[in-house]
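Letters A, B, ... mirror the listed sequences (proteins, then strands); counts begin at 1.
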Amino acid sequence: MITITFPDGQERQYEAGSSALDIARSISHGLAKKVISAKVNGEVWEATRPIQHDARLQLLTWDDKDGKMTFWHSSAHLMAEALEAIYPGIKFGTGPATESGFYYDVDPGDHVISSDDFPRIEQKMIELARLKNEYVRKPISLEAAVAFFKEKGDEYKLELLEKRKEEAADITLYEQGHFIDLCRGPHVPDTSYIKAVKLTNVAGAYWQGDENRQQMTRVYGISFPKQKELEEYLHMIEEAKKRDHRKLGAELELFMFSERVGAGLPIWLPKGNQLRDRLMNFLRQEQEKRGYQLVTTPHIGKKELYVTSGHWEKYGQDSFRPISTPREGEEFMLKPMNCPHHCEIYGHRPHSYKDLPLRIAEFGTVYRYEQSGELHGLSRVRGFTQDDAHIFCTPEQVKEEFLNVLDLTKVVLAKMGFENFTAQISLRDPETPEKYIGTDENWRNAENAIIEATKESGLQTTTELGEAAFYVPKLDFMVKDALGAPGSWAPYRWTTTCLTVSSWNTLAPITCRTAR
RNA sequence: GCCAGCAUAGCUCAGUUGGCCAGAGCAGCUGAUUUGUAAUCAGCGGGUCGGGGGUUCGAAUCCCUCUGCUGGCUCCA
């Protein structure tokens with residue numbers, strides 16, 4: 001017998017080899033029908049996988065995030081089975097669950113999959129789901145797995161296996177119906193759990209996220225245990241469309257775009273401009289209260305300015321082309337960021353430590369060449385105005401200044417009604433130090449300042465390695481949109497960075513930057 | 001930039017395999033009605049079918065190209 005401990009601390013005895021589903025059945029039949037998968041000692045397992053030893057057990061249903069992920073992952077396999085039935089010889093990349101559904105990256109060879117094919121694929125999925133095929137977990141040796149996918153001719157899976165040589169002992173295949181996939185699992189017990197499916201989108205996606213490699217066809221979908229839930233989901237999508245800022249902006253005559261002016265260049269109409277003014281006045285007041293001094297800097301600047309700052313080397317090829325003048329060798333750039341200008345203001349005259357902290361703020365309009373496929377309403381544009389501030393202070397003042405910035409951020413977010421926001425600390429990727437400028441010491445100091453200040457302010461944060469900018473760690477505030485739909489982030493990002501390098505001054509202060 | 005789509009009246013859209021002067025609803029305008037809270041009646045105006053090029057006796061419809069848009073990928077100072 002084994003002892004199973006439930007989340008509420010209750011313990012019960014079961015025969016060794018009982019599955020989560022067996023255990024659920026012993027509690028109630030209704031519960032057993034809802035169980036999708038289970039957390040065994042914190043790891044998500046199939047509900048049907050035998051538990052051999054004492055364990056902590058949490059049954060997962062549709063109401064649990066991990067339950068949904070299991071469900072959607074199984075749906076990805078079901079879609080793969082349908083795709084393979086419709087397009088024989090199709091090759092498979094990876095097919096995970098996402099925050100809101102699932103996708104599978106496939107290489108359909110000569111076929112082109114478009115949204116016109118969705119109804120057919122959906123129909124096939126439902127047809128296969130009704131067969132109630134079990135998802136069978138099959139531990140396998142690396143060699144046997146390689147042999148299998150060689151035979152099948154799926155080079156993408158072979159590449160994935162190549163990467164997993166280290167963990168050769170843990171390789172598993174999953175089989176349902178006629179489809180066998182390399183997969184860690186877990187899955188729902190059988191395909192009949194999936195009652196409703198909707199393919200939502202098809203898009204290109206680079207294999208292994210590398211733009212120099214093969215582009216796969218990524219098919220997105222979402223699925224539900226009940227038809228009604230699909231309908232509710234579709235309704236929510238409709239509601240979200242009604243609230244789309246692009247639709248509202250046009251209807252309310254807030255802003256417009258013009259083909260003749262150019263893509264990604266918003267034109268603010270009178271009503272929209274009133275909104276802008278109100279927002280700017282509010283931000284101005286809050287900043288003046290906190291000792292910021294407002295400045296205005298030009299829209300273009302000499303190329304050398306950005307060469308000095310390092311931005312040219314990093315982003316020059318992605319920026320607008322330089323603007324040349326009749327004077328030989330002279331080039332200007334449309335201002336892509338305000339930082340160098342603010343540093344110029346600091347360096348304009350010698351400073352005593354008594355001048356610090358010096359807080360410079362500007363509503364600075366900047367221009368950046370964004371790839372054509374990136375443009376999106378007002379959230380990704382080629383010209384926009386940043387509320388951008390730089391704080392010049394001594395190393396000792398960094399933490400306090402950072403706390404003040406956090407306070408300002410919270411005040412603004414609260415005033416704007418953003419109650420649900422997340423804060424993400426973006427640090428260097430320790431694996432690729434060559435991507436970053438500055439000394440290790442400065443990086444450590446800057447990263448610690450962010451970590452300590454956020455901790456001290458009681459802010460809930462997540463930490464991402466490798467998400468830092470090339471010259472600074474960042475703290476990003478991200479807010480949810482009006483519907484709070486999962487995975488759908490408002491175009492509102494508040495970035496606070498802590499800069500420690502500057503070639504513009506003799507005092508070598510720390511520069512804190514806050515842009516939103 | 002890459003992949004898949006899309007672009008017809010102010011808005012939402014019809015327009016099957018290329019073939020009478022390109023249509024509907026709503027909005028607008030004019031007139032009638034005066035019935036109390038989302039659309040009463042009649043009439044009218046409005047479209048280089050995104051731009052350019054090509055195939056054809058003939059293109060909104062097929063091909064090429066440019067521009068813009070949508071959803072992803074990559075990028076995001």
**Q** So what does A:Phe470 hit on the nucleic acid, given a heavy-atom distance under 4.0 Å: a base, only sugar-phosphate, or nothing?
**A** nothing
**Q** Which nucleotide in the list B:rA77, B:rC69, B:rC73 gets nearest to the side chain of A:Tyr220?
**A** B:rC73
**Q** Could you say whether A:Ala263 or A:Tyr367 is positioned toward the 5' end of RNA chain B, judged by the nucleotide with the nearest heavy atom to each?
**A** A:Ala263
**Q** In Watson-Crick or G-U wobble terms, both distances under 3.5 Å, what is the partner of B:rU55?
**A** none
**Q** Pick the C1' atom in B:rA60 and in B:rG50, then give their distance to the nearest Å.
**A** 12 Å
**Q** Please tell me if A:Tyr206 has a side-chain N or O lying less than 4.0 Å from either OP1 or OP2 of B:rC73.
**A** no
**Q** Which whole number of Å gives the distance between the P atom of B:rA38 and that of B:rG18?
**A** 48 Å
**Q** Between B:rU16 and B:rG46, how far is it from one C1' atom to the other, in whole Å?
**A** 28 Å
**Q** Treating A:Asp407 as the side-chain partner and A:Leu403 as the backbone partner, does any N or O pair qualify as donor plus acceptor under 3.5 Å?
**A** no
**Q** For residues A:Leu406 and A:Ser457, report the shortest heavy-atom separation together with the two atoms involved.
**A** CD1-OG, 3.5 Å
**Q** Work out how far the C1' atom of B:rG53 is from that of B:rC13, and round it to whole angstrom.
**A** 29 Å
**Q** Name the closest nucleotide to the A:Glu374 side chain, picking from B:rC76, B:rA4, B:rC73.
**A** B:rC73
**Q** Salt bridge or not between A:Lys228 and A:Glu231? Use side-chain N to carboxylate O under 4.0 Å.
**A** no
**Q** Taking the P atom of each, how far is B:rU35 from B:rU40, in whole Å?
**A** 16 Å
**Q** Taking the minimum atom-to-atom distance to the side chain of A:Val202, which one of B:rA4, B:rG1, B:rA77 wins?
**A** B:rA4
**Q** Which base sits across from B:rC2 as a Watson-Crick or G-U pair, both distances under 3.5 Å?
**A** B:rG72
**Q** Are A:Lys474 and B:rC76 close enough that a side-chain N or O sits under 4.0 Å from OP1 or OP2?
**A** no
**Q** In whole Å, measure the gap between the C1' atoms of B:rG45 and B:rG10 for me.
**A** 13 Å
**Q** Atom NZ of A:Lys241 to atom C1' of B:rC6: distance rounded to whole Å?
**A** 13 Å
**Q** Distance check needed: B:rA4 P versus A:Phe118 CZ, whole Å only.
**A** 13 Å
**Q** Using the P atoms only, state how far B:rG19 lies from B:rG1, rounded to an integer number of Å.
**A** 35 Å
**Q** Is a side-chain donor or acceptor of A:Thr432 paired with a backbone partner of A:Glu434 at a separation under 3.5 angstrom?
**A** no
**Q** For B:rU70, does OP1 or OP2 lie under 4.0 Å from any side-chain N or O of A:Arg246?
**A** yes
**Q** Paired with B:rC21 by Watson-Crick or G-U wobble geometry, both distances under 3.5 Å: which nucleotide is it?
**A** none
**Q** Rounded off to whole Å, could you give me the CD-to-P distance for the A:Gln215 and B:rU74 pair?
**A** 10 Å
**Q** A:Ala205 near the nucleic acid: base, sugar-phosphate alone, or nothing, with a heavy-atom cut-off under 4.0 Å?
**A** sugar-phosphate
**Q** Among the nucleotides B:rA77, B:rG72, B:rC69, which one has an atom lying closest to any side-chain atom of A:Leu375?
**A** B:rC69
**Q** Across all strands, who's sitting opposite B:rU40 as a Watson-Crick or G-U wobble pair, both distances under 3.5 Å?
**A** B:rA32
**Q** Using a heavy-atom cut-off of 4.0 Å across all strands, would you classify A:Gly310 as base, sugar-phosphate, or nothing?
**A** nothing
**Q** In whole Å, what is the span from the CG atom of A:Asp107 to the P atom of B:rC73?
**A** 19 Å
**Q** Could you check which of B:rC73, B:rC76, B:rA4 has an atom nearest any side-chain atom of A:Arg380?
**A** B:rC76
**Q** Pick the P atom in B:rG68 and in B:rC62, then give their distance to the nearest Å.
**A** 23 Å
**Q** Around atom CD of A:Glu232, are there more than 12 heavy atoms of other residues, nucleotides or ligands at under 6.0 Å?
**A** yes
**Q** Would you mind reading off the distance between A:Glu251 atom CD and B:rU12 atom C1', rounded to a whole angstrom?
**A** 11 Å
**Q** From the options B:rU67, B:rA77, B:rG72, select the nucleotide whose nearest atom is closest to the side chain of A:Glu259.
**A** B:rU67
**Q** Checking contacts here: which listed nucleotide (B:rC73, B:rA77, B:rG5) is nearest the side-chain heavy atoms of A:Val112?
**A** B:rG5
**Q** Can a donor-acceptor pair be found between the side chains of A:Gln424 and A:Ser426 at a distance below 3.5 Å?
**A** yes
**Q** Tell me the interatomic distance from A:Ile267, atom CD1, to B:rG68, atom P, rounded to whole angstroms.
**A** 13 Å
**Q** Determine whether any donor atom in the side chain of A:Glu211 lies under 3.5 Å from an acceptor atom in the base of B:rC73, or the reverse, and answer yes or no.
**A** no
**Q** Distance check needed: B:rC11 P versus A:Leu248 CG, whole Å only.
**A** 16 Å
**Q** Crowded around A:Glu400 CD? As in, over 12 foreign heavy atoms under 6.0 Å?
**A** no
**Q** B:rG45 pairs with which nucleotide, Watson-Crick or G-U wobble, both distances below 3.5 Å?
**A** none
**Q** For B:rG1 and A:Ser372 - does any side-chain N or O of the residue sit under 4.0 Å from the phosphate oxygens OP1/OP2?
**A** yes
**Q** Measuring from the side chain of A:Tyr369 (C-beta onward, heavy atoms only), which nucleotide among B:rA4, B:rG68, B:rG1 has the closest atom?
**A** B:rG1
**Q** How many whole angstroms separate atom CZ of A:Phe257 from atom P of B:rU67?
**A** 18 Å
**Q** Do the side chains of A:Lys65 and A:Glu99 get close enough for a salt bridge, i.e. N-O under 4.0 angstrom?
**A** yes
**Q** Under 4.0 angstrom, heavy atoms only, what part of the nucleic acid is A:Thr200 near: base, sugar-phosphate, or nothing?
**A** nothing
